[in-house]
There are 2 protein chains.
Amino acid sequence: MSLNPLKLAPQDCGDCPIRHRAVCSRCDGPELARLEEMKYYRSFEAGQNVVWSGDRMDFVASVVSGIASMTQTMEDGRRQMVGLLLPSDFVGRPGRTVAPYDVTATTDLVMCCFRRKPFEDMMATTPHVAQRLLEMTLDELDAAREWMLLLGRKTAREKIASLLAILARRDTGLKAKAAKGPISFDLPLTREEMADYLGLTLETVSRQMNALKRDGVVELAERRRIIVPDFDRLAEETGDDADGGFLS
Amino acid sequence: MSLNPLKLAPQDCGDCPIRHRAVCSRCDGPELARLEEMKYYRSFEAGQNVVWSGDRMDFVASVVSGIASMTQTMEDGRRQMVGLLLPSDFVGRPGRTVAPYDVTATTDLVMCCFRRKPFEDMMATTPHVAQRLLEMTLDELDAAREWMLLLGRKTAREKIASLLAILARRDTGLKAKAAKGPISFDLPLTREEMADYLGLTLETVSRQMNALKRDGVVELAERRRIIVPDFDRLAEETGDDADGGFLS
DNA sequence: TGATTGCCTTGATCAGGATCAAATGAAAGG
DNA sequence: CCTTTCATTTGATCCTGATCAAGGCAATCA
């Protein structure tokens with residue numbers, strides 16, 4: 001099975017670190033118990049590789065803490081990030097045995113894994129699980145398509161602003177665009193990783209970050225902390241329309 | 001429900017034009033009969049809109065003939081195609097009511113539709129269907145990610161070659177990269193549509209198409225017909241590695 | 001403490017593709 | 001047949017972001 005991220009709603013996870021409740025929020029008792037039985041944890045250090053493209057993958061997993069990225073690399077070394085896995089994101093593809101992308105821990109990382117076979121068996125016998133996974137995959141597909149718009153049509157400045165807005169939303173848990181008062185969050189990516197996300201070079205990322213700083217859109221604090229004085233202002237810089245597709 | 005394409009394997013479709021056998025290749029009798037009951041056809045003229053972003057969508061569908069495209073548009077008019085729907089592709093998202101993208105018929109188009117509600121009901125009671133849809137969605141996600149690599153890291157020439165290779169493969173049904181002898185197929189897109197697919201301008205598309213022609217990679221025949229004297233040669237121009245991810 | 005290393009910034013220059021503009025070609029309609 | 005319209009080509013110029021090259025800064029380690 002190869003890797004794909006499927007977002008789990010954090011609120012479904014309760015205090016269970018593996019958050020697998022979200023996989024089947026309507027399952028009680030037996031299914032949850034079965035999930036509980038087959039789970040195990042793996043941790044990785046920052047920079048360590050989780051799987052290589054082409055590897056056999058015998059598990060699906062969800063991110064407990066830390067961040068991983070999925071990247072594709074061309075023969076001559078050009079790299080494009082195609083997935084960014086944050087806590088509560090799901091990874092893995094029921095039914096596939098080979099990973100199509102490299103997955104790398106960009107920070108220290110803990111994942112909660114389920115062996116593929118029993119997980120698939122449960123999927124086959126528990127309709128809710130398959131449906132929930134389908135829903136999560138559709139969300140991921142939407143995200144990929146917004147990403148495509150970013151890669152294909154946005155300017156460097158808009159790309160940076162978009163990425164910061166995405167991270168800010170994920171980190172602070174805000175769904176809507178509007179937000180009063182300053183927001184701050186940790187930037188978990190290096191300039192190079194941001195560049196790979198955005199289809200830019202690291203120099204351009206650096207320049208545009210500082211341009212946004214000069215213009216008062218963000219402040220760059222110690223230890224890669226980002227302060228956003230006015231989220232709406234940042235949102236304006238993304239090039240997205242104000243209401244931004246939060247309809248279901 | 002909003003739109004997403006899910007590829008159906010044409011070989012699963014038998015002689016049924018709606019190809020819904022592929023939705024549940026393991027279903028016999030009752031499920032197929034239910035699908036048969038709820039289906040209806042819609043046709044569109046080239047250029048006509050199927051749904052607008054934000055519209056309510058009460059059906060899922062598969063493309064019977066013709067081509068449709070999903071596009072996202074920014075306020076200032078910049079456009080990015082995020083999905084290209086060829087015959088046998090599936091469109092629609094069980095569980096969602098609002099389309100997130102514009103869907104437009106780029107040629108005359110016939111779609112076979114299923115009302116969303118009964119389709120969802122069948123999904124809920126027929127595990128195979130949900131699993132099959134999940135599989136198709138995962139394929140679509142893979143395609144989106146390859147598209148992301150194209151948008152973020154490929155040169156204009158590589159982008160054009162990649163698109164032509166994709167269309168050639170779909171049109172001629174070849175799975176592998178290798179192909180002896182010349183291939184020809186119809187280019188169903190205008191220069192502008194190609195540009196929207198590739199994140200380029202139509203002028204750049206035109207120039208690079210003619211560059212590929214000058215270099216003998218393709219021939220541009222009458223009525224938008226494309227002749228590829230040597231598919232391997234075209235494949236080399238895409239920037240993808242030779243084996244190209246045809247592992248499952 | 002100094003050296004190394006990884007990450008980031010900054011500068012100078014270049015080039016790939018965008019933009020603006022005009023001409024050509026082909027199909028459709030009166 | 002001429003006109004209109006739309007798709008495409010081609011040319012000239014511009015500009016954004018890439019590339020090449022140094023230098024700075026902070027953390028880590030000997």
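Order of the sequence lines fixes the chain letters, A, B, ..., with proteins taken first and strands second; residue numbering starts at 1 for each chain.
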Under 3.5 Å between N/O atoms: give me all the protein pairs with nucleotides 13-18 of chain C, atom names plus distance.
residue	atom	partner	partner atom	Å
C:dG17	OP1	B:A156	N	2.8
C:dA18	OP2	B:T201	N	3.4
C:dA18	OP2	B:T201	OG1	3.0
C:dA18	OP2	B:T204	OG1	2.4

Test side chain to side chain donor-acceptor pair (under 3.5 Å) applied to A:Q72 - qualifying residues, sequence neighbours left out = none
remark   = Numerically ordered, the residues 213-228 of chain B set in heavy-atom contact under 4.0 Å with DNA chain C is none
inquiry  = Going by the rule salt bridge (charged side-chain N to carboxylate O under 4.0 Å, His left out), which residues pair with A:R191 if we only count those two or more places apart in sequence or in a different chain?
reply    = none
Residue list, side chain to side chain donor-acceptor pair (under 3.5 Å) with A:N210, at least two apart or on another chain = none
query = To the nearest Å, how far apart are A:I160 CD1 and D:dG17 C1'?
reply = 12 Å
key: A:D102 and A:R79 ion-paired at < 4.0 Å   = no
task = Kindly assign one of parallel, tilted or perpendicular to the pair A:W147 and A:Y197, based on the angle between their ring planes and the thresholds 30° and 60°.
result = parallel
key: Between the first and last five pairs of the helix from C:dT1-D:dA30 to C:dG30-D:dC1, the angle of the axes, rounded to 10 degrees   = 30°
key: For atom CE of A:M194 and atom P of C:dC7, their distance in whole Å   = 15 Å
ask   = Any Lys/Arg nitrogen of A:R153 or B:D196 sitting under 4.0 Å from an Asp/Glu carboxylate oxygen of the other?
value = yes
message = What is the separation between atom CD on B:E192 and atom P on C:dT19, rounded to the nearest whole Å?
response = 13 Å
message = Test side-chain contact (heavy atoms from CB on, under 4.5 Å) on B:D240 and B:K154; report intermediate values, then the result.
response = CA-CA 10 Å; B:D240 299 325; B:K154 287 188 178 178; 2.8 Å; yes
key: Flag side-chain contact, heavy atom, 4.5 Å: B:E193 against B:T104   = no
request  = Calculate the interatomic distance between A:N210 atom CG and C:dC8 atom P; express it in whole Å.
outcome  = 11 Å
